[in-house]
Amino acid sequence: RPLSTAWGGAEAATAATMSERKMRASAEEMKAARIDVAFRDYCAHLLIPLNECRHQTAYLPWKCGHERHEYEKCQYGEHLREVSRKSRGEE
């Protein structure tokens with residue numbers, strides 16, 4: 001069984017990411033949260049609460065697990081979308 005289907009299905013993650021693909025955090029919100037320009041992507045709306053949690057818990061590695069998981073799941077979906085787009089020849 002391929003790894004992508006063992007983790008919940010790459011196709012489902014890609015389809016969900018494509019259908020929900022919109023900026024949820026405004027430029028003003030990202031600026032106020034001091035999100036670095038390199039991280040101002042379609043997952044920034046999840047990075048804002050993650051960074052707030054990290055700040056409140058002094059970056060303790062066992063804290064903010066749910067927020068980190070949601071952010072990394074979004075980033076993985078974006079990665080799958082980019083790989084799919086490149087494999088289709090879209091640049």
Atom CD in E72, atom CG in L46: separation rounded to 0.5 Å?
->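 That separation rounds to 11.0 Å.
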
Supply the atom-to-atom distance I35 CD1 to L47 CG, rounded to the nearest 0.5 angstrom.
->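 Answer for the CD1-CG pair, I35 versus L47, is 4.0 Å.
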
Please test R81 against K86 for side chain to side chain contact (heavy atoms under 4.5 Å, CB included), starting from the C-alpha separation and ending with a verdict.
-> CA-CA 9 Å; R81 185 188 161 285; K86 287 186 178 182; over 6 Å; no

Extract all donor-acceptor atom pairs below 3.5 Å that involve side chains of residues 57-69 and protein atoms in other chains or at least two apart in sequence.
residue, atom, partner, partner atom, Å
T57, OG1, C53, O, 2.8

Grab the two heavy atoms, one from [X] and one from [Y], that are nearest each other, plus how far apart they are.
X	Y	result
A44	F39	CB-O, 3.9 Å
Q75	D41	NE2-OD2, 3.0 Å
A25	E29	CA-OE1, 3.1 Å

Just jot down the side chain to side chain contact (heavy atoms under 4.5 Å, CB included) partners of Q56, sequence neighbours excluded, or say none.
->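 Q56 satisfies side chain to side chain contact (heavy atoms under 4.5 Å, CB included) with no other residue.
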
Those residues that, when tested against A27, pass side chain to side chain contact (heavy atoms under 4.5 Å, CB included) (two or more places apart) |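 With sequence neighbours excluded, A27 shows a side chain to side chain contact (heavy atoms under 4.5 Å, CB included) to no residue whatsoever.
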
Please examine the side chains of H45 and K22, heavy atoms only from C-beta on, and report whether any two atoms are closer than 4.5 Å.
->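 The answer is no; the side chains never approach within 4.5 Å.
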
Heavy-atom side-chain contact between C43 and Y71 under 4.5 Å |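 Heavy-atom side-chain distance check passes, below 4.5 Å.
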
Hey, is E28 close enough to K31 for a salt bridge, meaning N to O under 4.0 Å?
->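 Answer for the salt bridge query: no.
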
Does E70 have any side-chain hydrogen bond (donor to acceptor under 3.5 Å, both in side chains) partners at least two apart in sequence or in another chain, and if so, which?
->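 Residues passing side-chain hydrogen bond (donor to acceptor under 3.5 Å, both in side chains) with E70: none at all.
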
